[in-house]
Amino acid sequence: MSLDIESSSAATAPPGAPAPSPAELAARHGLTVSGARPGLGAYVRQLWGRRHFITSYATARVSAQYTRARLGQLWQVLTPLLNAAVYYLIFGLLLGTDRGVDNYIAFLVTGVFVYTFTQSSVMAGVRAISGNLGLVRALHFPRASLPIAQTIMQLQQLLMSMLVLFVIVLMTGELPGPSWLLVIPALLLQSVFNAGLALVMARLGSKMTDLAQLMPFILRTWMYASGVMYSISHVAAHAPQAVKILLGLNPAAVYIDLMRFALIDSFTSEQLPPHVWAVALGWAVVMGVGGFVWFWKAEERYGRG
Amino acid sequence: MAERIPTVIVDDLHIVYRVHGAGSGRGTAVNALSRLVRRKGVNPNVRTVHAVRGVSFTAYRGESIGLIGSNGSGKSTLLKAVAGLLPAESGKVYTQGQPSLLGVNAALMNDLTGERNVMLGGLAMGMSQDEVRERYDQIVDFSGINEKGDFISLPMRTYSSGMAARLRFSIAAARSHDVLMIDEALATGDNRFRKRSEARIRELRKEAGTVFLVSHNNKSIRDTCDRAIWLEHGTLRMDGPTDEVIKAYDAFTQAK
C-alpha cells in the first residue's frame, strides 16, 4: 500500500518540483470531493440502504402529530370522518346537489379523500427540504429520503381515511365485490405519482421560498378541474373532443375515477376516460422516474440557505 | 519518515449563507412590493453572510485537530462544509470516506418517547436496524436516563434539558467514524456524565482516523489535540502545534 503511494508520488512529483496542488494530492491518495453527488445507481442503492430510516421517520412524524391530544391516535380516523361529515353537510344536505350522480355521498367522499392524498403530498413536498434544513445540515443521507418519507406519511393518513371510506361506502348501500381489489393497484400507482410529484416540489421549494404560499391556490384550482365534487363525464358530455381528452389525461381525475370505479357499483366503466389504466400507469412512471432523476440532479446543492 | 496520508484537504474554501427576510426597512407588504418593483435582479430582502473566507489546510491520518476562535468565527460552518453538509460557494473539500459530525439533535422529535428517539436517531446516523437494536441497551445505560425511574418510555419533551442532552450525546456517540468532528457543547450534563462522555470521546478518537474538535475550553483542546487551527472572521489566522496557537490566541483575546 505505502509502496504504491511512494512510487506514484515519485512519478507525479519529482524531487525539486513544487509541492503538488491540493487537487493532485487528493487524487493521489484517493480522496473524493466531500458532499459530491453520487451516480444515479449508487444513489438508488444508498436510498435503499436507508429504507428503515425513511419508514421510521414517516411513522414517527405521524404519531408525533397527535401525541399532545387527549384522544391521541384516534384523530387519525376522526379527522377524515369529520371531513366527510362537513362535505356531507354542505353538499348533501344544504345544497342538495347530486348533479346527476347516483350515491353522491360515496362519490364525493371518495373524491375528497383521494384528492387530499395528492394535495397533501404536494404541500408536504414543498416543505420537505426547506422545512428540514436543520436535519439536512446535520446528517448525511440521500436527500430524496425526505420527500419520500413525506409521501409515506400522507399514504398512512390515507389508509386511515380509507377505513372510514369503506364504512361510509358500505353505509350508502354498496356491497363489497371483487372490484374492490382494484383499490390496491390504483393506490399503488397514485403513491408513485405522488412521490414523484413531491420530489419535484421539494426541489422547487428548496429554491423558491414563496412556493408554499402560492401552492394552495394552484391546488384548489386543480381540485375544481379534477371532478372531486362533480362527474366530469356528465359535465363535459358536450364539450369539444380536445377538452375531453385533456380532462381525461388529468392525473388527479384519473386516480379519483379509478377509486370510484373500484368502490361504487353505479360508477361504471363508461364514466371512465378512455385507456384509464394506461394513463394511470404512464403518469406514475413519468412522474416517479422523472421526478426522482430531476431531484437527484441537485442533490449536492440542498442545504444551502 | 513515511509519507503522511492526508484524510481531509480543504482548498481555498468559501462558504456564503443566504438569509431571507433580513432586508432593511420595515416589513410591511407595501414596502416589500415597492422593493420588488424598484430594484430588479438583486433581491435586497436577501442578505448574504460570508462565513468562511478562503480557508486551506490539510489534515493527516492520526491527527487530532482543535478548532479555536471567538463566537461566530466560522468554526461550526467549516466543520459542516468538511462533512459535505453545506455546499461551498467556491473552493473544494476532499475527504477520505464520509466524515461525520457527532450530533443527532435535528433528527429527534420531542413528542416521541426516548425509546423511539434512540431508534430514529440511530437510523438517521446510518446504522442498520439490527445495529441499533444491538446497541439499544448500551445507549440507554450510557445516558443514565433510567437511573431515576423509567424515563425512556416518556416523551422527550418531559426530560430536563440535561437529560435530553445526555440522551442525544449517547445516541450520537454510539457509532465510530473515519473522520470524526465533535462540536464543543456536546459533553454536557452533570459532572459524572461529563467524565463519562469525555472518556467516550477519547475512545472514539482512538477508533477514528482523524478527529476535529471545536471547543472554547482551551484546556480540553490542549489535552486532546496536537495541532490547532485558529479561525477569526472566517479566515485562517494560524495553524500549528496546539501550544503555540493557543498562546497566540490568548494574547489576542487579552489584548482586546
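Order of the sequence lines sets the chain letters (A, B, ...), proteins ahead of strands, with each chain counted from 1.
- Of the listed residues (M109(B), M119(B), K80(B)), the one with the most heavy-atom contacts under 4.5 Å to chain A is M109(B).
- For R157(B), the CZ atom is densely surrounded, since the number of other residues' heavy atoms within 6.0 Å is greater than 12.
- Between the side chains of N194(A) and T151(A), no donor-acceptor pair is found at a separation under 3.5 Å.
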**Request:** Take I229(B) and F57(B) through the side-chain contact (heavy atoms from CB on, under 4.5 Å) test and state the conclusion after the steps.
**Result:** CA-CA 9 Å; I229(B) 289 176; F57(B) 65 87; 3.7 Å; yes
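- Residue contact with chain B, scored on non-hydrogen atoms closer than 4.5 Å, involves the backbone of V136(A) exclusively.
- Remark: R50(A) qualifies as a cation-pi partner of F53(A) under the 6.0 Å distance and 45° angle criteria applied to the six-membered ring.
- Neither the backbone nor the side chain of R51(A) comes within contact range of chain B; no heavy atom of the residue lies under 4.5 Å from a heavy atom of that chain.
- Heavy-atom distances place the backbone of V82(B), and not its side chain, under 4.5 Å from chain A.
- T58(B) touches chain A through its side chain: at least one heavy atom from C-beta onward sits under 4.5 Å away, while N, CA, C and O do not.
- Within the 4.5 angstrom heavy-atom criterion, only side-chain atoms of L112(B), from C-beta onward, approach chain A.
- Using a 4.5 Å cut-off between heavy atoms, V132(B) does not touch chain A at all.
- A cation-pi arrangement is not found for R45(A) relative to W48(A), the charged atom failing to lie both closer than 6.0 Å to the ring centre and inside a 45° cone about the ring normal.
- The pair E300(A)-R37(A) meets the salt-bridge criterion, since a charged nitrogen lies less than 4.0 angstrom from a carboxylate oxygen.
- For S145(A), no part lies under 4.5 angstrom from a heavy atom of chain B.
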